[in-house]
There are 2 protein chains.
Amino acid sequence: MHQRRSPGQRAGLTRADVIAAARELLDERGLEALTMRALAERLDVAPNALYAHVASKTSLIDDVLDDILAEVEASAPDDGDPRAGLHALMSSSYEVLIAHRDLVPLYLARQGARGPHAQRLGQIVLGQLADAGVSGTSAHEALRVLIVYTIGFAAFATRPPIAAADNAVPPAAEELRSNFDEGLRWLLTGITAPA
Amino acid sequence: MHQRRSPGQRAGLTRADVIAAARELLDERGLEALTMRALAERLDVAPNALYAHVASKTSLIDDVLDDILAEVEASAPDDGDPRAGLHALMSSSYEVLIAHRDLVPLYLARQGARGPHAQRLGQIVLGQLADAGVSGTSAHEALRVLIVYTIGFAAFATRPPIAAADNAVPPAAEELRSNFDEGLRWLLTGITAPA
DNA sequence: ACCTGAACACCGTTCAAGT
DNA sequence: ACCTGAACACCGTTCAAGT
């Protein structure tokens, strides 16, 4: 169960191992189960051994968040309808976020990670916006709005319904999904409308 | 500095005192300084004394979040332009959120609090949507989208800029503010457009 | 009902020492 | 450079006891 090594013996860990184990722990037992100590136990290592591969828990989570963004299906802008391309990319992002419910608030707090995968997605969106005739300041505004809307909606969808309405029936997952699509269409209509 | 009472002596705390002290602590020292122990010290009480007034730290934070929503300027729908009314209400919400940066991720995680103030704001929005000719399922969808957008954008605005763009200059507060307004107009245009 | 004292079962992180 | 052992400085919360 516990450590089988004496000081000086190596476990052969890599940074990638730590990130992968963190993702497994997250998937299996949720966000609050992700502690450095639990992570160390899963890797059969003393808690502080992790600090040879990771600067802090915060930076570890940053890496995990960006790592997950690799799952977003993003084809580079092609010759099709750029509006459809944008819709598809944001839809895929939404689904990846929903698949990792626990992490959504963390994406929000860090606004969607700053790693290489996040940067790549941002570039693709800007490319598609350019194809749709939106560039410069407007394009950067639109990018921000789209990111905010998508993560925000995912945050919304991964929690029990707000009791704002009258007799409010809790919305089902498909209902929220079409709600997301509807709002996204509103946004894309506004963004690509002639000024 | 510390306790001046022996067991059995009362400090005269009320639930409202605890919430108020939590808000002060938050304003003065930020989210991570809000611990039950720090709160107890501020109230000159033993840490566990708080549990006579509050079920848990989580429920205390719920109360604080709803309490803050009382600051949103929300006049009931009048005879003016309902679009302008909606814009004003969401703008005021945005400003209240920005004024409490640390809490924005928490609003997201709980999707905007479920207390009486949140419910009141929800009702006002639904009323204004009805005045704009939006009702039923569409109105509830629109309410969700507006909440998501506003809290999401606030989350976005209270963090350093994402490094998604090319040579990205970090956006200033006023820039983000007008970005928020622009996206909000896009949404309200889409929401109130004839189907 | 409201409080204290003491404790429980945790955290993330650092430091010194081994190889 | 990578690991262990031990510790530091915290957490939220519970339990028993006082009035």
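Below, read A as the first sequence line, B as the second, and so on, with proteins coming before strands; counting in each chain starts at 1.
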- Is Ala11(A) touching bases, backbone alone, or none of the nucleic acid, heavy atoms closer than 4.0 Å? sugar-phosphate
- For atom CD of Glu32(A) and atom C1' of dC10(C), their distance in whole Å: 12 Å
- Given DNA chain C, 5'-ward residue of the pair Lys57(A) and Gly8(B), judged by closest heavy atom: Gly8(B)
- Task: Measure from the side chain of Ala52(A), starting at C-beta and using heavy atoms only, and say which of dG18(C), dC2(D), dT13(C) lies closest.
- Result: dC2(D)
- Nucleotide nearest Ala46(A) when distance is taken to its side chain, options dT4(D), dT13(D), dG12(D): dT4(D)
- Kindly point out which of dC11(D), dG12(C), dT13(D) is positioned nearest to the side chain of Ser56(B)? dT13(D)
- Note on the structure: Atom CZ of Arg29(A) and atom P of dC10(C) are separated, to the nearest Å, by 11 Å
- Task: Report the distance from atom CD of Glu41(A) to atom P of dA9(C), rounded to the nearest whole Å.
- Result: 16 Å
- Counting Watson-Crick and G-U wobble pairs only, both distances under 3.5 Å, name the nucleotide matched with dT19(D), or none. dA1(C)
- Item | Rounded distance in Å - CG (Leu43(A)) to P (dT4(D)) | 11 Å
- Taking the side chain from His53(A) and the backbone from Val18(A), do they hold a donor-acceptor pair closer than 3.5 Å? no
- Task: Grab the CD-C1' distance between Gln9(A) and dT4(D) for me, whole Å please.
- Result: 10 Å
- Please answer whether the main-chain N or O of Ala118(B) pairs with a side-chain N or O of Asp66(B) as donor and acceptor at a distance below 3.5 Å. yes
- Measure up the Phe180(B) and Phe153(B) rings against each other and bin them: parallel (under 30°), tilted (30 to 60°), perpendicular (over 60°). perpendicular
- Query: dA1(C), dC3(D), dC3(C): which one has an atom nearest the side-chain heavy atoms of Leu13(A)?
  - Reply: dC3(D)
- Message: Nearest to the Arg5(A) side chain among dT13(C), dC3(D), dT4(C), which nucleotide is it?
- Response: dC3(D)
- Message: What is the distance, to the nearest angstrom, from the OH atom on Tyr51(B) to the C1' atom on dC2(C)?
- Response: 16 Å
- Query: Taking the C1' atom of each, how far is dC8(D) from dC10(C), in whole Å?
  - Reply: 15 Å
- Query: Given Glu71(A) and Arg23(A), is the salt bridge (Lys or Arg N to Asp or Glu O under 4.0 Å) satisfied, shown in steps?
  - Reply: CA-CA 13 Å; Glu71(A) 297 172 14; Arg23(A) 290 195 54 172; 2.6 Å; yes
- Between atom CG in Asp44(A) and atom C1' in dC2(D), what is the gap in whole Å? 15 Å
- Query: What integer distance in Å separates Asp17(A):CG from dC3(D):C1'?
  - Reply: 15 Å
- Can you find a side chain N or O atom of His53(A) that sits less than 4.0 Å from OP1 or OP2 on dC3(D)? yes
- Ala38(B) or Gly12(A): which one's nearest nucleotide on DNA chain D is closer to the 5' end? Gly12(A)
- Between Ala38(B) and Ala33(B), the two heavy atoms sitting closest are CB-O, 3.6 Å
- Task: For dA7(C), give its Watson-Crick or G-U wobble partner with both distances under 3.5 Å, or none.
- Result: dT13(D)
- Item | Residue whose nearest DNA chain C nucleotide is more 5′ - Arg37(B) or Ser6(B) | Ser6(B)
- With rounding to whole Å, what would you report as the distance between dA9(D) and dA9(C) at their P atoms? 22 Å
- Query: Which nucleotide in the set dC3(C), dA1(D), dT13(C) lies at the smallest distance from any side-chain heavy atom of Arg10(A)?
  - Reply: dA1(D)
- List the steps, then state whether side chain to side chain contact (heavy atoms under 4.5 Å, CB included) holds for Ser91(B) with Glu73(B). CA-CA 9 Å; Ser91(B) 279; Glu73(B) 284 177 38; over 6 Å; no
